[in-house]
**Student:** 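Structure in structure tokens, see below.
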Amino acid sequence: SQTIHQWPATLVQPVGSPLSLECTVEGTSNPNLYWYRQAAGRGLQLLFYSVGIGQISSEVPQNLSASRPQDRQFILSSKKLLLSDSGFYLCAWTGGYNSPLHFGNGTRLTVT
Amino acid sequence: TQLLEQSPQFLSIQEGENLTVYCNSSSVFSSLQWYRQEPGEGPVLLVTVVTGGEVKKLKRLTFQFGDARKDSSLHITAAQPGDTGLYLCAGAFYNQGGKLIFGQGTELSVKP
């Protein structure tokens, strides 16, 4: 069966420090991968999505970047965190068009 | 840019009452999904609707997809405290490569 791993679960970082959040998927190949951010338990904002290795689409201009170095690995990064980067970050995968999203358990990021 | 309008944002009701959550867009959905999210976890899929006019039932939950595929509703009959949570609709649009856009969410509280 397919599983998705996302870590760390919680992170507290000072303003100006770098960020690296990692997400891996097991049990499937060539998944579509997504990074979402959720503020205060509200709707999910799509940050990045990827349909293949090295293929990244960015949805909003921001302080973050994403990379997909391997088929089932998706990384969210920042060189210098801002206070506004605080939030709940969720990684997800789908098997393709009209397929449901399968989410990781999220990373709670607090920038101080 | 396609947008989803989800309403209401907050709903607080007594056990046994009925409720309806709405999800609307000015664009046609290729498919629409409903998710439920518990605090500190990723959203979990409830249902996917694809065909205009489609109705799906999941125990006390009834999901409808509008004939024009621009709107959807989630109706809960005789709500129970265990239904408490954040309900999210997510739509895929034809010209967006299958990526899913989320509504703002409906935070439901069912009091015993």
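Letters go in sequence order (proteins before strands), and every chain restarts at 1.
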**Student:** Which distance, rounded to the nearest 0.5 Å, do you find between the CZ of B/Phe102 and the CD of A/Gln38?
**Tutor:**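 These two atoms lie 9.0 Å from each other.
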
**Student:** Are A/Trp35 and A/Ile75 co-members of a hydrophobic cluster defined by side-chain heavy atoms under 4.5 Å apart?
**Tutor:**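 No; A/Trp35 is not reachable from A/Ile75 via cluster members.
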
**Student:** For A/Leu44, which atoms come within 4.5 Å of any heavy atom of chain B: side chain, backbone, both, or neither?
**Tutor:**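 Both backbone and side chain.
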
**Student:** Test of understanding: clusters of I, L, V, M, F, W, Y form through side-chain heavy atoms closer than 4.5 Å, transitively. Do B/Trp34 and B/Tyr22 belong to the same one?
**Tutor:**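 Different clusters: B/Trp34 never reaches B/Tyr22 through Ile, Leu, Val, Met, Phe, Trp or Tyr contacts under 4.5 Å.
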
**Student:** Between A/Leu33 and A/Trp7, is there a shared hydrophobic cluster once you connect ILVMFWY residues whose side-chain heavy atoms come closer than 4.5 Å?
**Tutor:**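 No: no chain of side-chain contacts under 4.5 Å links A/Leu33 to A/Trp7.
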
**Student:** Counting heavy atoms not belonging to B/Lys57, are there more than 12 under 6.0 Å from its NZ?
**Tutor:**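 Count not over threshold, so no.
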
**Student:** What's the shortest heavy-atom distance between A/Phe88 and B/Glu41, and which atoms?
**Tutor:**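 For A/Phe88 versus B/Glu41, the nearest heavy atoms are CE2-O, 3.8 Å.
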
**Student:** Could you tell me whether A/Arg42 sits above the aromatic face of B/Tyr87, with NZ or CZ closer than 6.0 angstrom to the six-membered ring centre and within 45 degrees of the axis?
**Tutor:**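 The answer is no, since A/Arg42 fails at least one limit relative to B/Tyr87.
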
**Student:** What heavy-atom pair brings B/Tyr35 and A/Leu101 nearest, and what distance separates the two atoms?
**Tutor:**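 For B/Tyr35 and A/Leu101, the tightest heavy-atom pair comes out as OH-N, 2.8 Å.
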
**Student:** With clusters defined by side-chain heavy atoms of hydrophobic residues (ILVMFWY) lying less than 4.5 Å apart, directly or transitively, does B/Leu45 cluster with A/Tyr36?
**Tutor:**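 Yes; B/Leu45 is reachable from A/Tyr36 via cluster members.
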
**Student:** Would you name the heavy atoms of B/Leu100 and A/Leu46 that are closest together and state the gap between them?
**Tutor:**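 The answer is O-CD2, 4.2 Å.
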
**Student:** Would you give the length of the straight line joining atom CD of A/Glu59 to atom CD1 of B/Ile101, rounded to the nearest 0.5 angstrom?
**Tutor:**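 Separation between the atoms: 6.0 Å.
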
**Student:** With a 4.5 Å cut-off on heavy-atom pairs, point out which of A/Ser99, A/Ala92, A/Cys91 contacts chain B the most.
**Tutor:**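 Counting heavy-atom pairs under 4.5 Å, the top option is A/Ser99.
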
**Student:** Do A/Leu83 and A/Leu81 belong to the same hydrophobic cluster, where Ile, Leu, Val, Met, Phe, Trp and Tyr are linked whenever their side-chain heavy atoms lie under 4.5 Å apart, directly or via other members?
**Tutor:**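 Same hydrophobic cluster.
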
**Student:** Could you tell me which portion of A/Leu90 (side chain, backbone, both or neither) has an atom closer than 4.5 angstrom to a non-hydrogen atom of chain B?
**Tutor:**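 Contact with chain B is through the side chain of A/Leu90 alone.
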
**Student:** So which part of B/Gln9 gets closer than 4.5 Å to some heavy atom of chain A, the side chain, the backbone, both or neither?
**Tutor:**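 Both backbone and side chain.
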
